[in-house]
Structure formats: structure tokens, C-alpha cells
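Dropping the structure in here first, questions after.
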Amino acid sequence: MKVVKKITEVREEIRKARCKGKSIGLVPTMGFLHSGHLSLVRESVSGCTFTVVSIFVNPTQFGKSEDYGTYPRDIQRDLMMLKKERVDLVFTPSVEEMYRQDAETYVIVDKLSRVLEGRFRPSHFRGVCTIVCKLFNIVMPDRAYFGWKDAQQLVVIKKMVEDLNIPVEVVGCPTVREKDGLAASSRNVYIKDKDKEKALSLYKGLKKIEETFLKKKLKDSGALIRIGKKVIEKYPDVKLQYLKIVSMDNLAPIKRIEGKVLVLGAIKLSSVRLIDNVILTCR
Ligand code: PAF
């Protein structure tokens, strides 16, 4: 496993891999790796013959009052984890390497970035799309792997790839959960033990919606959302930011469930913000 910091070094490694006829898989991450990231890495290692993992805490996707400065970082631990996974190349650039001081170009997926998360994090997806587009241009992977945990991010990136004709297959991988059901996330370290139960409220609400949909065959979104909200409202310290049922393709609100839909939400627990979702399939 090679670890490089410079864009020129990545390009050289990719050139050599391409000469050997390898297929390239990219797993973009912000580090502080967990079981969710490892599932993406494993998917890439099994589907491609050369896997690149990038580790970069991307400043442009954090809002001014967000946690860029305190975002958890442990590069040595990350590298140890990746070594065990047959990763070929790890890219750990500095901020200066990724963003020239005079940079003024951003990638914006317009409408999809303004709904749901976008209402609470107005410049977030602009930062995500810009860095992911840059990583695609640097690595030029055949496939890139993202988790369904960040469902809106996945939909936005798919749209960017389609709109800009980027020759990469975006692969969405299932959410990995801790034993209690909490979706794996680097930010879970912020949750104090005493708040674990409260942090699970969103997932409990989502599960209740899923259960009602499956058992009672209830397909009315409004009714399902009310049922989910009731579960979350039992926790007075939890502030629900949104809970919605939307199309998996374009995040448009859904009134009556048909085909596959996303139920997604966000909560705030003191200063910790958590997102999660489940997918419902109507057969
Ligand atoms: O999902 C993440 O960790 C980040 O948003 C990503 C895709 C690595 C871009 O910085």
C-alpha cells in the first residue's frame, strides 16, 4: 500500500496501474475511518483491481459555525486499518495541495443541493461536489463508492456525474450500523454514552415508519411521517430538523409510496447533528 500526498504522485501511480490494465476504484473519505468506510473499501477491492482511498477533511463543505476544526482525525489509525484491506494507494493531500489560494471555481448541483440538508447546510453540497469532482479528475476512476447513509450526497453526486458527463460509475453501498442500530459515522464519537439512547431516536422513528409500511401496508406518506414524528417527539432533548419521504432519484416529495422511496431525517442533540434514512420498497 503506497501513501502519497501530491496530485502528481497520484497521477503517476494511476498511469502505471492503467498500463498494467487495472480497473480503478476510488473511495473518497474524510478519514477517521469506521466500519461503513471499510464496507466501501471492500466493495472496491472486490469490484476493481486497483483501489484508491482518499483521506481529506474538506474545508469547503463545512459551514462557518460547523466542526471543521474539531472534526476527528487520526491518520495513523486510518492507515493501519487500510493496510489490512488490500488497498493499493492512499491519497492524503494537504489543504494547499487541493485548493490553490486563488481558486474560484465551484461545482454546484443547483436544486438538489437546496432541499433537505441544503436548508440547514446551505454551502455543504457545493463543497462536496467541488472536492469529489476534483478527486474524479485526479484519480479518473472507473468506479467510485459512496454510502447510502449520506443519501442526499449520493443522489447529488450521481446528478453531477450525469450532468457533467464524468466517465465514472457511482456505486451506492448500504448503510452499516452499530449493534444498537446507530448508523456508522465518524461524528458518532461526539455522542456521550448518556445520550446514546436519544441519538437512536431518529433510527427508531425511521424503523417505526418501515414497520408500519410493511405490516399495515400503509402507503400514505403524511400518515407515515406523523407516526415517525411521534416516536422522536418522545425525546424532549432531541430537536427534529426534518423527516421526509422522497424519490430516490430526484429527492422530490412523495405523497403515496410506489416503487422505491427514501425516508430521511436529521436531528440535533445539543450541538451534535445526526442524519439517517431507510429505503422502502413497494412491490
Ligand atoms: O462523505 C464524505 O465523507 C465526504 O462528504 C466526501 C464524499 C469524502 C467528500 O469530502
Side-chain angles (χ1 to χ4, degrees), residues 1-62 67-68 70-99 127-128 131-150 153-154 157 168-179 182-190:
M1 183 177 90
K2 210 162 180 167
V3 184
V4 300
K5 286 182 183 305
K6 299 282 173 210
I7 294 167
T8 51
E9 293 173 300
V10 177
R11 290 203 199 280
E12 180 55 16
E13 292 305 316
I14 297 294
R15 192 192 60 74
K16 287 195 268 184
R18 287 282 183 209
C19 278
K20 290 183 195 151
K22 306 249 178 187
S23 59
I24 316 279
L26 170 67
V27 182
T29 82
M30 297 209 299
F32 210 71
L33 304 178
H34 52 68
S35 50
H37 293 118
L38 294 185
S39 78
L40 305 180
V41 170
R42 284 172 194 153
E43 226 16 67
S44 175
V45 170
S46 71
C48 301
T49 49
F50 192 91
T51 289
V52 184
V53 176
S54 62
I55 300 178
F56 179 63
V57 184
N58 173 36
T60 64
Q61 70 187 74
F62 289 80
D67 56 345
Y68 174 66
T70 53
Y71 193 83
R73 295 160 166 91
D74 191 342
I75 192 85
Q76 290 316 321
R77 175 176 158 276
D78 290 345
L79 294 178
M80 294 248 288
M81 288 167 84
L82 294 177
K83 243 185 199 156
K84 294 185 188 143
E85 301 293 334
R86 288 185 292 132
V87 167
D88 298 283
L89 184 67
V90 186
F91 179 40
T92 61
S94 63
V95 174
E96 295 71 34
E97 182 70 6
M98 288 312 281
Y99 292 107
V128 169
I131 197 65
V132 170
C133 185
K134 282 164 76 71
L135 288 166
F136 285 172
N137 285 334
I138 293 164
V139 177
M140 294 198 283
D142 297 288
R143 299 200 185 100
Y145 298 82
F146 298 87
W148 268 109
K149 151 78 172 43
D150 295 301
Q153 169 170 283
L154 183 54
I157 289 170
V168 61
E169 183 191 337
V170 175
V171 184
C173 302
T175 301
V176 174
R177 297 185 181 277
E178 295 180 5
K179 269 200 205 100
L182 192 68
S185 162
S186 305
R187 288 189 169 100
N188 288 354
V189 289
Y190 296 149

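We count residues from 1, following the sequence as given.
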Q: Mark yes when over 12 heavy atoms from residues, nucleotides or ligands other than M80 sit less than 6.0 Å from its CE; otherwise mark no.
A: no
Q: Quick one: closest heavy-atom pair of F146 and Q153, and the distance?
A: CD2-NE2, 4.1 Å
Q: For residues W148 and T175, report the shortest heavy-atom separation together with the two atoms involved.
A: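 It is C-OG1, 3.6 Å.
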Q) Could you go step by step and tell me if L82 and I55 meet the side chain to side chain contact (heavy atoms under 4.5 Å, CB included) rule? A) CA-CA 11 Å; L82 294 177; I55 300 178; 4.1 Å; yes
Q. At their closest point, which heavy atom of V189 faces which heavy atom of F32, and how far apart are they?
A. CG1-CE2, 3.4 Å
Q: Could you go through the side chain to side chain contact (heavy atoms under 4.5 Å, CB included) check for V27 and H37 one step at a time?
A: CA-CA 8 Å; V27 182; H37 293 118; 5.7 Å; no
Q | Distance (rounded to the nearest 0.5 Å) between I7 CD1 and E97 CD | A |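 The CD atom of E97 is 4.5 Å from CD1 of I7, to the nearest 0.5 Å.
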Q | Under-4.0 Å salt bridge between R187 and D67 | A | yes
Q) Does G47 offer a backbone N or O that forms a donor-acceptor pair with the side chain of R143 under 3.5 Å? A) yes
Q | For I24, the option from V52, T49, T51 that meets side-chain contact (heavy atoms from CB on, under 4.5 Å) | A | V52
Q: Could you pull out the closest heavy-atom pair between F91 and K5, with the gap in Å?
A: CE1-O, 3.6 Å
Q: Take Y71 and N58 through the test side-chain hydrogen bond (donor to acceptor under 3.5 Å, both in side chains) and record every step on the way to the result.
A: CA-CA 10 Å; Y71 193 83; N58 173 36; over 6 Å; no
Q. In terms of heavy-atom contacts, does CE of M30 have more than 12 from other residues, nucleotides or ligands at under 6.0 Å?
A. yes
Q. Which atom pair, heavy atoms only, marks the closest approach of K149 to A184?
A.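 Taking K149 first and A184 second, the nearest heavy atoms are CE-O, 4.0 Å.
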Q. How far does CZ of R73 sit from OG of S186, to the nearest 0.5 angstrom?
A. 11.0 Å
Q.
Please find the pair of heavy atoms, one from N188 and one from A183, that lie closest to each other, and give the distance.
A. ND2-O, 2.9 Å
Q.
For a side chain to side chain contact (heavy atoms under 4.5 Å, CB included) check, start with the C-alpha distance between Y145 and V41, then their side-chain angles and the critical distance, and finish with the verdict.
A. CA-CA 8 Å; Y145 298 82; V41 170; over 6 Å; no
Q) Which distance, rounded to the nearest 0.5 Å, do you find between the CG of L89 and the CD of E12? A)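 Here the rounded value is 11.5 Å.
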Q. Does S44 reach the side chain of L40, with side-chain heavy atoms less than 4.5 Å apart?
A. no
Q) With sequence neighbours excluded, what pairs up with R77 under the salt bridge (charged side-chain N to carboxylate O under 4.0 Å, His left out) test? A)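 With sequence neighbours excluded, R77 shows a salt bridge (charged side-chain N to carboxylate O under 4.0 Å, His left out) to no residue whatsoever.
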Q. Which value, rounded to the nearest 0.5 Å, describes the distance between D88 atom CG and K22 atom NZ?
A. 6.5 Å
(Q) Check this for me, if you would: do R18 and D142 make a salt bridge, where the nitrogen-to-carboxylate-oxygen distance has to be below 4.0 angstrom? (A) yes
**Q.** Nearest-0.5 Å distance that lies between atom NZ in K6 and atom OG in S94
**A.**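 K6 NZ to S94 OG: 5.5 Å, rounded to 0.5 Å.
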(Q) To the closest 0.5 Å, what do you measure between CD1 (I138) and CZ (R11)? (A)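 Atom-to-atom, I138:CD1 and R11:CZ are 6.0 Å apart.
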Q) Quick check: are there more than 12 heavy atoms from other residues, nucleotides or ligands sitting under 6.0 Å from NZ of K16? A) yes
